[in-house]
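Below is one structure, written out as structure tokens; comments come after it.
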Amino acid sequence: MRIQSLFAFLLICGIATRVFAQTIEIRRTSEEVTIDGIPYELAWAQADSAHHFTQNFPTDSLPAAAQTVVRILYDDNNIYVLGKMYNKPDPRKYVTPSLRRDFRGAANDSFSVIFDTFSDKTNAVLFGVNPFGVMREALITNGGTGSGSFSMDWDNKWYAEAKQYDGYWMVEMSIPFKTLRFAEDENSWLVNFYRVDSEYAERSTWAPVPLAFPIFNLANNREMTWDAPTVKPGTNISVIPYVATNTERNFEEGTANNFDPSIGFDLKYAVTPGLNLDVTVNPDFSQVEVDQQVTNLDRFEIFFPERRQFFLENADLFSGFGNGGTRPFFSRRIGIAIDTVTGQNIQNQIPVGARLSGKVNNDMRIGVLTMQAAADQTIGLPSYNYSMISLQQKVFNRSNINMFLVNKQTFESEEEYASSTLSEYNRTLGAEYVLASANNSWNGRFFYHRSFDVVQPDKPFAAGASVSYNVRKWSVDVFSQLVGEGYNPEVGFVRRNDIRQLATTVQYRWFPSSGKVQRHGPGFDFDMVGNDTYGFLDWDYNLLYNIDFRNTSTFRLRLRRQYTYLFDDFDPSGSDGVELAADTEYTNFQFIAAYESDQRKKFFYRFNTRSGQYFNGDRINLQGSIGYRYQPLGFTSIDFAYNRIILPAPYTTTSLYLIGPRFDFTFSKKIFWTTFVQYNSQIENLNINTRFQWRFKPVSDIFLVYTDNYFATHEGGFNIGQPRTRALTFKITYWLNL
């Protein structure tokens, strides 16, 4: 009865207290708060509340159909958050992909809190929980706008529990001050709370966020005032040691090793409440999931995202420069080398590395990174030091001026290494202006980078500009860049050199007041690439139509006309066939479409196609994913890609297959098992990666990882041949606060 009476009291307080409040006060409590999803502490009745949530999706002009009330407290060590999420109808079921930490998806039930601790509307941290008590944490950068601004690769210690009741579910969070970075003697932070409800396919927020922007956008956060100025949380040092052993065998080369033990550790030290030092000694990345393979029909290098934890925290201070195809820093260049004989990627040991990152003051951030990669005598690779320093200065309301320097240097003797593997140094210097208007409708980036080598080539620079305007009905994006033929950031990723590029996208949206469609509208875009030597290299223009449904499904249509000039010989079949000659040109028509189903359903799927004329022939393409969710224990899915390349003789006509079944089971919130199988007919390889993980304590894990590769073909039926490589890894990590 006591608990029920208190719940009723909280509800009355939630309705009666400042219904249209624009701020929330965080108040100190001396009562011990137990994190169990049952708010029996009297302190919660004295806490200020946030309520009157409004929709972000399917519209941004109505109160939320599923309302939420949030309360917040603190003591000497922690911030406490209580969320009460009301439901209609009742009873009902909730949607979650599994019990694995770091869930995401716009169709999964969840509650999240965002803390902008420096009130800069540019960087923030997020903590979220779903009705099954599964937790997630994330870093938000660049104001929560644009791709890559939301990253769940950050891991830290905090605590939460959730419970489901008749008509609502509740969550309690305990977030240690030592987990956060903030300034002392502050009287306020910026904050927002948001909720995803699967029953209504609704996303709602306390501080209203316009539909045109992501729900985690930071431009609209509200003020959270402290009843006393913030204080430093005290000494903040964490050590995460690991012990690992692995055995592997290469059947093609006839080499093997027995159990190969290794030890190392990461250290985290809060130099100031806003600045953090990370040190890694002999890091091990054996538990990282393998890359998802692709069918490579491209003439240029394929970009694969970074997956190693050490490089992902505060990654925007290092990898956030340039654009997707012209990056001055790409962390996968560190610790991964290329065998110049076989052309294969191999692991390059990193004995030690360090990173200093965070806030110097309310308006300036700094990032300093240094990593030492060991020599590899088997491929003639010298030892290199990779270093970077970046500065980010806030200007105006939310914009930034950024500067960086990347340095790759070796101190090895030139006599010991071939000129193809030894370059004394390579450096890249750059400056950028990142635009973000106060209301977030205008965003952009302007940059100039210059690379420096021992022998300086002509035009060693890259410059670019992008501007986007996004409001409820209109979005306009303009992008342009100039990449010199001598631009060579060896620690970066440059898709193409010696180009001029201009691209524009314009879209219009209608918002029906009723029916199954949430928004829809046409668009137009074009992309042109050329240089002084050949004139136009590529261009395409597209007619678009996009439809978003209220049930979270989406449909995308694109009709494309494109032109390609080959300045090098190229095999369009992707199968080592006869190459098209250089100095030839092709104009084609393509049909591009994609459909993604209602992700709230247990059975979900995604299909897309890029079919039509292809160089001097035709291409039939179908790819996507089909999955089934075992609510809430996990899911099984299969990714697939089929490409039929039809070319006239003597060029190769071929069919390429990529099939990737995935089995993801979460036996509890602490025990996970994932198996990922990939068959790629283009490289005639079958890969099996299975990983067992037991999170026996917060941010402390035991991993068992098995990887197997086989030679495989589909000619005359699917055939699995001899094994290529095989490995088994056992690893233990433990998070220790000092």
side-chain hydrogen bond (donor to acceptor under 3.5 Å, both in side chains) partners of R427, counting only residues at least two apart:
N407, Q409
Residues in salt bridge (charged side-chain N to carboxylate O under 4.0 Å, His left out) contact with R644, at least two apart in sequence or another chain
none
Which residues pass the salt bridge (charged side-chain N to carboxylate O under 4.0 Å, His left out) test with D453, not counting sequence neighbours?
none
Results of ring pair (Phe, Tyr, Trp, His ring centres under 6.0 Å) for Y565 - residues two or more places apart only
Y534
Taking side-chain hydrogen bond (donor to acceptor under 3.5 Å, both in side chains) as the definition, give me every residue that meets it alongside S480, ordered by chain and number, with sequence neighbours left out.
none
For N608, give me all partners under side chain to side chain contact (heavy atoms under 4.5 Å, CB included), at least two apart in sequence or on another chain.
A594, R606, Q623
Using side-chain hydrogen bond (donor to acceptor under 3.5 Å, both in side chains) as the criterion, list what pairs up with N323, not counting sequence neighbours.
Q481
For R355, salt bridge (charged side-chain N to carboxylate O under 4.0 Å, His left out) partners two or more places apart:
D278, E313
Tell me every residue that passes side chain to side chain contact (heavy atoms under 4.5 Å, CB included) with P522, counting only those two or more places apart in sequence or in another chain.
Y508, W510, Y545
Applying side-chain hydrogen bond (donor to acceptor under 3.5 Å, both in side chains), name anything that partners D540, two or more places apart in sequence or on another chain.
N542
Taken in chain and number order and not counting sequence neighbours, the residues that satisfy side chain to side chain contact (heavy atoms under 4.5 Å, CB included) with A138 are L126, F150, M152
Which residues pass the salt bridge (charged side-chain N to carboxylate O under 4.0 Å, His left out) test with R558, not counting sequence neighbours?
D525
